[in-house]
Amino acid sequence: MGNKPIKRNENIVKLSKDHHASLLFCWKIRQGIKYHIGVERLIKYVQYFWKHHFSLHFKEEEDFLFAPLKDEIVQKAIDDHLKIKSSIEQLTGQGTENKEILLSNIAEMVDQHVRFEERVLFPYLEQKLSVKQLEEIGNQIKGDPLMDHYEDNFWTKSSSL
């Protein structure tokens with residue numbers, strides 16, 4: 001029968017839409033690796049995405065969605081955020097020998113993290129938080145979902161030539 005779409009509370013739909021962009025990020029990195037795109041091009045994209053997406057998205061989740069409930073499930077998401085940030089910082093650090101492996105690991109970490117949040121954490125928070133709390137969170141995270149406007153389409157086969 002296939003997977004049914006997840007019905008998300010309207011107050012946190014924006015964060016789920018941000019997650020869609022995050023999954024596309026993973027796909028693009030994997031495509032770049034598959035097409036043997038230069039590592040520096042991929043690193044530039046990861047840095048762009050950190051600045052224009054992940055850093056903002058993580059802050060919204062941590063400051064608003066996670067704040068009302070501090071337990072081990074929420075802490076796992078926060079720990080994931082720290083690991084993703086640390087891995088992205090390692091890309092520009094000296095001495096990272098195989099950055100392609102690190103890029104692949106980042107894509108896998110982000111993929112697993114998004115799936116954890118969508119399948120486990122968000123449904124859990126929707127049950128644990130009150131309607132009022134979810135409405136307050138929704139008021140704090142208003143705005144359009146984050147968009148990826150990166151101009152180097154390295155993930156297309158024609159861009160890799």
Side-chain angles (χ1 to χ4, degrees), residues 2-6 8 12-67 69-126 141 143-161:
N3 293 338
K4 290 183 183 178
I6 297 171
R8 186 66 59 227
I12 59 174
V13 165
K14 178 202 176 290
L15 297 174
S16 283
K17 289 182 178 180
D18 289 351
H19 285 162
H20 177 73
S22 298
L23 292 174
L24 285 173
F25 162 88
C26 299
W27 178 82
K28 289 172 183 179
I29 293 298
R30 291 173 175 142
Q31 289 296 105
I33 292 168
K34 176 181 166 183
Y35 294 142
H36 306 288
I37 299 301
V39 170
E40 292 308 317
R41 274 175 80 185
L42 299 177
I43 290 172
K44 284 180 185 177
Y45 175 63
V46 171
Q47 291 170 327
Y48 161 87
F49 210 82
W50 172 260
K51 181 179 178 183
H52 296 281
H53 184 86
F54 288 140
S55 64
L56 305 169
H57 176 79
F58 289 178
K59 183 167 178 38
E60 281 185 324
E61 286 184 334
E62 291 171 13
D63 290 353
F64 306 124
L65 183 61
F66 301 166
L69 188 63
K70 297 289 187 192
D71 63 13
E72 62 187 47
I73 295 176
V74 171
Q75 190 59 50
K76 179 192 178 331
I78 293 168
D79 292 345
D80 286 354
H81 288 180
L82 292 171
K83 288 175 190 168
I84 291 165
K85 180 182 181 192
S86 175
S87 294
I88 290 171
E89 289 171 347
Q90 286 179 30
L91 281 174
T92 56
Q94 299 297 323
T96 303
E97 291 189 16
N98 199 334
K99 292 185 180 185
E100 190 172 290
I101 290 173
L102 186 53
L103 285 161
S104 181
N105 289 342
I106 289 169
E108 185 60 26
M109 270 191 289
V110 170
D111 188 293
Q112 292 301 315
H113 171 70
V114 166
R115 294 180 193 289
F116 164 74
E117 284 192 348
E118 286 294 325
R119 295 174 180 166
V120 177
L121 182 63
F122 281 18
Y124 173 76
L125 291 173
E126 287 170 327
I141 60 171
D144 293 327
L146 299 170
M147 300 299 292
D148 183 352
H149 297 293
Y150 198 66
E151 294 184 9
D152 177 1
N153 295 331
F154 63 85
W155 55 88
T156 63
K157 192 161 181 98
S158 61
S159 293
S160 66
L161 302 177

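Just so it is clear, the structure is predicted and the values come from calculations on it, not from any experiment. The figures that follow rest on heavy atoms only: side chains count, while hydrogens, waters and symmetry mates do not. Residues: numbered from 1 along the sequence shown.
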Inset, instruction - Could you pull out the closest heavy-atom pair between Leu121 and Ala77, with the gap in Å? - result: CD2-CB, 3.6 Å

Legend entry - Straight-line distance of Lys28 NZ to Trp155 CH2, nearest 0.5 Å: 4.0 Å

Legend entry - Spacing of Ile88 atom CD1 and Leu102 atom CG [to the nearest 0.5 Å]: 9.0 Å

Inset, instruction - Assess whether atom NZ of Lys70 is packed by more than 12 heavy atoms of other residues, nucleotides or ligands within 6.0 Å. - result: yes

Inset, instruction - Using modelled atom types only, decide if a donor and an acceptor are shared between the side chain of Arg8 and the backbone of Lys14 within a distance under 3.5 Å. - result: no

Legend entry - Nearest-0.5 Å distance, CD of residue Glu118 to CG of residue Leu23: 8.0 Å

Legend entry - Test item: His53 and Asp148 side chains (from C-beta on) under 4.5 Å apart, heavy atoms: no

Legend entry - Flag side-chain contact, heavy atom, 4.5 Å: Gln47 against Leu91: no

Inset, instruction - For a ring pair (Phe, Tyr, Trp, His ring centres under 6.0 Å) with His57, tell me which candidate from His52, His113, His19, His20 qualifies. - result: His19

Inset, instruction - Output yes when Asp80 and Lys76 qualify as a salt bridge under the 4.0 Å nitrogen-oxygen rule, no when they do not. - result: yes

Inset, instruction - Over all heavy atoms of both residues, which pair between Ser22 and Val114 is shortest? Give the atoms and the distance, please. - result: CB-CG2, 3.8 Å

Legend entry - For Val46 against Ile29, the heavy-atom pair lying closest together: CG2-CD1, 3.6 Å

Legend entry - Close side-chain approach of Phe66 to His81, heavy-atom, < 4.5 Å: yes

Legend entry - Any donor-acceptor pair under 3.5 Å from Ser87 side chain to Lys83 backbone: yes

Inset, instruction - Calculate, to the nearest 0.5 Å, the distance between atoms CD1 and CD belonging to Ile84 and Glu89 respectively. - result: 12.5 Å

Legend entry - Arg41 bridged to Asp152 by N-O distance under 4.0 Å: yes

Inset, instruction - Report the distance from atom NZ of Lys99 to atom CD1 of Ile106, rounding to the nearest 0.5 Å. - result: 10.5 Å

Inset, instruction - Compare every heavy atom of Phe25 with every heavy atom of Tyr45, then report the nearest pair and how far apart it is. - result: CE2-CD1, 3.4 Å

Inset, instruction - Start with the C-alpha distance between Val74 and Leu125, add both sets of side-chain angles, then the distance that settles side chain to side chain contact (heavy atoms under 4.5 Å, CB included), and finish with yes or no. - result: CA-CA 9 Å; Val74 171; Leu125 291 173; 4.0 Å; yes

Inset, instruction - Could you label the plane-to-plane angle of the Trp50 and Phe54 rings as parallel, tilted or perpendicular, counting under 30° as parallel and over 60° as perpendicular? - result: tilted

Legend entry - Contact summary for Arg30 and Ala107, nearest pair of heavy atoms: NH2-O, 3.6 Å

Inset, instruction - Quick one: do Glu61 and Asp18 satisfy side chain to side chain contact (heavy atoms under 4.5 Å, CB included)? Show the steps, please. - result: CA-CA 11 Å; Glu61 286 184 334; Asp18 289 351; over 6 Å; no

Legend entry - Stepwise side chain to side chain contact (heavy atoms under 4.5 Å, CB included) check, Leu15 with Leu65: CA-CA 9 Å; Leu15 297 174; Leu65 183 61; 3.8 Å; yes

Inset, instruction - Can you sort out the partners of Phe116 under ring-ring contact (aromatic ring centres under 6.0 Å, His included), two or more places apart, ordered by chain and number? - result: none

Inset, instruction - Kindly compute the distance separating CE (Met109) from SG (Cys26), expressed to the nearest 0.5 Å. - result: 10.0 Å

Inset, instruction - State, to 0.1 Å, how close Met147 and Tyr48 come at their nearest heavy-atom pair, and which atoms those are. - result: O-OH, 4.1 Å

